[in-house]
Asker: 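The following block contains the structure, expressed as structure tokens.
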There are 2 protein chains.
Amino acid sequence: MVPGGARRSTIKQIAREAGVSVTTVSRALNDKPDIHPATKSRILSVAAQLGYTPNPMARGLVSQRTFTLGLAVRTISDMWVAQIVPAIEELARANGYEVFLSTHYADPEQELHVLEAFHQRYVEGILVISSTLGDAYPALQERWGIPIVLVSPLIATPHRYVVRTDDVGGAKAATAYLIQLGHRRIGHIGVPTWTLPGRERLDGYRQALEAHSLTYNPRWVVLGDADVTGGLEGARQILSLPDPPTALFCFNDLTAVGVLRAAREQGLRVPHDLSVVGFDDVPFACYVDPTLSTMHQDTRALGHQATQMLLERIAGDEPEAPVELQTHLIVRDSTAPPSTRLAARVHVVRPKEES
Amino acid sequence: MVPGGARRSTIKQIAREAGVSVTTVSRALNDKPDIHPATKSRILSVAAQLGYTPNPMARGLVSQRTFTLGLAVRTISDMWVAQIVPAIEELARANGYEVFLSTHYADPEQELHVLEAFHQRYVEGILVISSTLGDAYPALQERWGIPIVLVSPLIATPHRYVVRTDDVGGAKAATAYLIQLGHRRIGHIGVPTWTLPGRERLDGYRQALEAHSLTYNPRWVVLGDADVTGGLEGARQILSLPDPPTALFCFNDLTAVGVLRAAREQGLRVPHDLSVVGFDDVPFACYVDPTLSTMHQDTRALGHQATQMLLERIAGDEPEAPVELQTHLIVRDSTAPPSTRLAARVHVVRPKEES
DNA sequence: TTGTAGGCGTTATCAA
DNA sequence: TTGATAACGCCTACAA
């Protein structure tokens with residue numbers, strides 16, 4: 001870098017310039033009592049004129065604080081995550097914290113690396129979205145002496161400090177909604193049950209069926225990847241059954257988009273021939289065709305609450321935990337009462353020349 | 001936090017434990033010469049056993065280094081950005097740097113705040129994606145004494161240190177491709193020209209038309225927002241013209257998705273009645289229906305090159321700058337040779353366009 | 001090959 | 001109301 005511009009002013013310089021001691025400068029800068037208003041304002045103006053900014057390292061060295069948080073996410077290229085992150089960053093920043101961001105790609109080994117790197121950087125607290133370390137957190141916390149808060153863990157964990165979505169409830173509500181529309185044959189495109197959300201959304205789905213005395217048909221349930229391809233393949237499989245369901249509750253909006261494609265492949269019109277409900281309510285849910293009915297997650301609240309919890313714990317308080325946020329149903333165009341395929345061919349809802 | 005786990009070991013403790021001075025410990029830890037292999041290994045094992053991690057603040061205080069980078073992005077909820085960020089983070093981390101992430105929402109005031117916060121945190125360098133401060137960077141760099149590197153600035157800038165995409169070239173290639181398919185009436189759904197990408201993609205579009213002796217029809221160009229709604233509204237306007245184009249080159253994939261919806265609204269089949277080309281090649285480009293032909297941007301390279309440039313400048317080197325990365329066309333299902341449907345709606349066909 | 005001493009910029013504890 | 005002075009943890013001359 002160009003030399004010359006780099007030199008920073010210190011309290012020592014301010015002290016010299018203002019004709020006082022560094023102690024007095026420190027007092028003025030930190031709004032401490034026992035200082036004459038006149039000297040204080042003089043010092044402040046000198047500081048401003050010198051463009052002084054305190055050195056966080058020097059400060060941290062004595063105060064043992066870094067005002068830094070670590071944030072580990074599975075990937076940033078996930079719209080659900082991408083909505084949570086800014087909420088965290090904003091609240092952290094509003095409290096004087098800066099946040100280190102890192103990706104763990106749902107790999108426990110990588111996650112541990114990331115967390116260790118955070119610890120080495122003396123972060124004051126760690127936030128993990130879609131955590132995969134399960135049992136490890138209480139011990140890590142204890143060992144490192146810093147609080148760890150989990151947002152929607154991917155794996156079940158004994159850790160108390162968790163902010164998550166009520167997946168069971170959301171899945172139940174989504175399924176109940178389909179039942180209420182009149183569907184009796186409802187399938188589920190899910191993800192493996194070793195993941196917490198996968199298991200719980202499946203559970204919610206089953207509970208809703210049970211609550212309405214509908215029998216659970218395992219052939220209407222396919223567990224695959226939590227992306228478009230997963231939804232596509234799962235739906236292909238289910239829709240080629242001799243007795244396919246008339247509605248599908250999908251793990252998330254991505255899988256729902258895959259289902260939409262599969263339906264199109266098979267010449268099924270959504271929602272007329274097939275109703276589809278997603279989960280998450282990511283931004284593009286209202287851009288696909290048809291727009292997606294889905295369970296809305298308040299990602300902003302998720303981020304805020306988690307950060308809040310972390311900051312409270314850093315402050316030494318004991319926040320209420322765990323926190324579970326509710327979802328709510330967003331009805332768009334991918335759901336409707338069931339009809340038979342033949343009837344569907346009579347009504348032309350949308351011009352659809354293909355197939 | 002639970003007390004007890006918090007205490008960190010220091011070189012002083014290691015020194016005591018190993019029966020040497022702190023200097024010797026420092027030497028051992030930093031691979032300095034002039035130390036007996038035996039003492040070194042003894043010290044190292046003590047350090048390991050104590051779970052020692054150097055205090056970056058103490059270290060930074062003397063070395064004047066933080067090994068921290070600042071990364072300001074417009075928003076993280078943009079798939080294009082979300083692809084660049086991990087590339088930056090990975091390379092930074094591989095070089096021992098941690099990165100602070102912050103959002104500026106394309107607001108110059110907020111961006112300045114963010115950059116100032118970075119400066120106050122003593123970051124060693126700053127990366128800005130979609131920067132909006134235009135003229136300010138050289139002065140900020142000079143004043144703060146730290147390098148700033150821009151990734152695809154939103155606003156034209158005299159700043160040298162820029163890594164960007166060849167927008168003109170990409171737009172030209174996209175348009176040329178449509179021409180080559182046989183289209184003679186090609187429109188553009190763009191964004192305002194006070195943005196650099198907006199202006200350059202429009203320029204590229206016009207250059208391609210000119211190069212093929214096609215006249216530029218201003219009514220076939222609508223500038224709006226760079227999102228789905230922008231594309232939707234722009235396409236509605238253009239497609240309701242008495243003589244609409246048979247192909248549209250869109251500012252990005254989002255606007256292209258909007259165009260797809262508008263086409264559907266009007267009962268137009270893509271690509272049969274209307275060809276659509278996007279820009280960016282974000283992941284969902286191959287999930288929409290029809291899948292989107294688009295100009296691929298190498299977001300990974302964008303992030304890597306920018307980080308590389310920044311690290312080199314931090315190291316005192318003078319990297320080649322600016323860097324411009326090429327795009328390449330991805331042909332999917334949203335483009336085809338023109339057919340007669342829209343042409344039929346044209347009342348007067350100028351002979352020139354028929355050729 | 002090792003150790004001593006000084007300082008990085010700041011805050012905290014005392015005494016003046 | 002102020003100012004020495006001693007930390008905080010680490011590094012780097014310089015001395016031994």
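Chain identifiers are assigned alphabetically (A, B, ...) following the order of the sequence lines, protein sequences preceding nucleic acid strands; residue numbering begins at 1 within each chain. Just so you know, these numbers use all the heavy atoms, side chains as well, and skip hydrogens, waters and symmetry mates.
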Asker: Round to the nearest Å and state the distance from Arg65(B) atom CZ to dG9(C) atom P.
Answerer: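 Spelled out: CZ on Arg65(B) to P on dG9(C) is 16 Å.
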Asker: Measuring to OP1 and OP2 of dC8(C), would you say a side-chain N or O of Lys12(A) lies under 4.0 angstrom away?
Answerer: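 True: Lys12(A) side-chain N/O within range (under 4.0 Å) of dC8(C) OP1/OP2.
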Asker: Using a strict 4.0 Å threshold on nitrogen-to-oxygen distance, state whether Glu116(A) and Arg121(A) make a salt bridge.
Answerer: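 Between Arg121(A) and Glu116(A) there is no salt bridge, as every charged N stays at least 4.0 Å from the carboxylate O atoms.
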Asker: Which part of the nucleic acid, if any, lies within contact of Asn55(A), taking any heavy atom under 4.0 Å across all strands shown: a base, the sugar-phosphate backbone alone, or nothing?
Answerer: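 Since only primed, P, OP1 and OP2 atoms lie under 4.0 Å of Asn55(A), the category is sugar-phosphate.
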Asker: Measure CG/Leu61(A) against P/dC8(C) and give the value in whole Å, please.
Answerer: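 My rounded result for the distance is 13 Å.
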Asker: Using a 4.0 Å heavy-atom cut-off to protein, can you give one letter per nucleotide of nucleotides 11-16 of chain C, 5' to 3': B if the base is in contact, S if only the sugar-phosphate is, - if neither?
Answerer: BBB---
Asker: Between Asp317(A) and Arg313(A), does any NZ, NE, NH1 or NH2 come within less than 4.0 Å of an OD or OE carboxylate oxygen?
Answerer: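 The answer is no: the pair does not qualify as a salt bridge.
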Asker: Could you go through residues 32-47 of chain B and list every donor-acceptor pair under 3.5 Å that involves a side-chain atom there, pairing it with any protein atom two or more places apart or in another chain?
Answerer:
residue  : atom : partner  : partner atom : Å
Thr39(B) : OG1  : His36(B) : O            : 2.6
Lys40(B) : NZ   : Asp31(B) : OD1          : 2.8
Ser41(B) : OG   : Pro37(B) : O            : 3.4
Ser41(B) : OG   : Ala38(B) : O            : 3.0
Arg42(B) : NH1  : Ala18(B) : O            : 2.3
Ser45(B) : OG   : Arg42(B) : O            : 3.0

Asker: Taking 5' to 3' order, which nucleotide of DNA chain D is first and which is last to have an atom within less than 4.0 Å of a heavy atom in chain B?
Answerer: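 It runs dC8(D) to dA13(D).
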Asker: If you take all heavy atoms of Ala82(A) and Ser77(B), which pair is closest and at what distance?
Answerer: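 Minimum heavy-atom contact is O-OG, 3.0 Å.
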Asker: Using atom OH of Tyr122(B) as one end and atom P of dG9(C) as the other, report the distance to the nearest whole Å.
Answerer: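 Answer to the nearest Å: 8 Å.
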Asker: Are any of the side-chain nitrogens in Glu318(A) or Arg160(A) under 4.0 Å away from the carboxylate oxygens of its partner?
Answerer: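 Yes, this pair counts.
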